[in-house]
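Quantities reported herein were computed from a predicted structural model and do not represent experimental measurements.
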Amino acid sequence: QVQLVESGGGLVQPGGSLRLSCAASGSTWSISGMGWFRQAPGKEREFVAAITWSGSSRFYSESVKGRSTISIDNAKTTVALQMNSLEPGDTAVYYCAATPRRMDYDSSQSYTYWGQGTQVTVSS
């Protein structure tokens, strides 16, 4: 089992920045990749970014590409998502997820473990 705990959400003004963190514990040896997904009210959960456990590959959705950076600290088993130039459309609950699969990192169906989510609100 892998436990995931997100932190760093909050209220930010349009154009601002936010850094989300996800701490993994438990059977982290089984993790192949970690991802961030988000879900806005009335919408389906969507892929935001993912990174392989080694940190060698990163993946981004078109909606955040160029504005966000995902990183991993294996020593601390923490994954971070730095988001810049935030827009109201980025408002959502952000979820951290971990997968033992070595493929389809942009699909929520690939992920076995999920955090409880952290709210990000972009508003003036």
Side-chain angles (χ1 to χ4, degrees):
Q1 292 291 323
V2 174
Q3 295 78 43
L4 303 173
V5 179
E6 303 101 332
S7 61
L11 174 64
V12 62
Q13 292 187 344
S17 298
L18 209 59
R19 184 177 179 87
L20 305 180
S21 293
C22 175
S25 61
S27 302
T28 57
W29 55 267
S30 67
I31 299 174
S32 170
M34 295 189 68
W36 287 95
F37 291 76
R38 66 186 183 186
Q39 188 166 18
K43 295 186 177 181
E44 294 186 354
R45 189 170 298 187
E46 65 172 358
F47 169 72
V48 177
I51 187 168
T52 53
W53 192 246
S54 66
S56 60
S57 297
R58 294 172 171 83
F59 310 88
Y60 298 94
S61 69
E62 288 300 321
S63 61
V64 304
K65 189 178 293 183
R67 302 190 292 124
S68 299
T69 302
I70 189 170
S71 60
I72 189 165
D73 183 336
N74 297 103
K76 298 181 180 179
T77 60
T78 300
V79 173
L81 180 67
Q82 176 71 39
M83 298 188 296
N84 303 318
S85 302
L86 285 163
E87 306 164 351
D90 294 316
T91 295
V93 177
Y94 284 70
Y95 296 91
C96 173
T99 176
R101 297 184 60 182
R102 299 181 185 274
M103 60 186 297
D104 298 335
Y105 291 114
D106 60 347
S107 172
S108 62
Q109 295 183 0
S110 297
Y111 291 82
T112 304
Y113 307 103
W114 292 84
Q116 292 186 328
T118 184
Q119 177 70 47
V120 172
T121 302
V122 183
S123 175
S124 56

Heavy-atom pair with the smallest gap, counting every atom of [X] and [Y]:
X: A40; Y: A92; value: N-CB, 3.8 Å
X: E6; Y: G117; value: OE1-N, 2.9 Å
X: A24; Y: L4; value: CB-CD2, 3.7 Å
X: M83; Y: S68; value: CG-OG, 3.6 Å
X: W114; Y: S108; value: CZ2-O, 3.6 Å
X: S21; Y: W36; value: O-CH2, 3.6 Å

Distance-only side-chain donor-acceptor flag, T121 / S123, under 3.5 Å: no
How about [X] and [Y]: do any of their side-chain heavy atoms sit closer than 4.5 Å?
X: E87; Y: S63; answer: no
X: Q1; Y: Q3; answer: yes
X: I31; Y: Y113; answer: no

Identify each donor-acceptor pair in which a side-chain atom of residues 96-106 lies under 3.5 Å from a protein atom, sequence neighbours left out, and give them as a table.
residue	atom	partner	partner atom	Å
T99	OG1	R101	N	2.9
T99	OG1	S110	O	2.6
Y105	OH	S32	OG	2.7

Side chain T52, main chain S57, donor-acceptor under 3.5 Å: yes
Matching residue for Y95 among Q39, R38, Q116 - test: side chain to side chain contact (heavy atoms under 4.5 Å, CB included): Q39
T91 OG1 to Q119 CD distance, which is reported to the nearest 0.5 Å: 7.5 Å
Indicate, with yes or no, if [Y] and [X] share a hydrophobic cluster defined by side-chain heavy-atom contacts under 4.5 Å among Ile, Leu, Val, Met, Phe, Trp and Tyr.
X: V48; Y: M34; answer: yes
X: F37; Y: Y94; answer: no
X: L20; Y: I51; answer: yes
X: V12; Y: L81; answer: yes
X: Y111; Y: I70; answer: no

Ring centre gap for F59 and F47 strictly below 6.0 Å: no
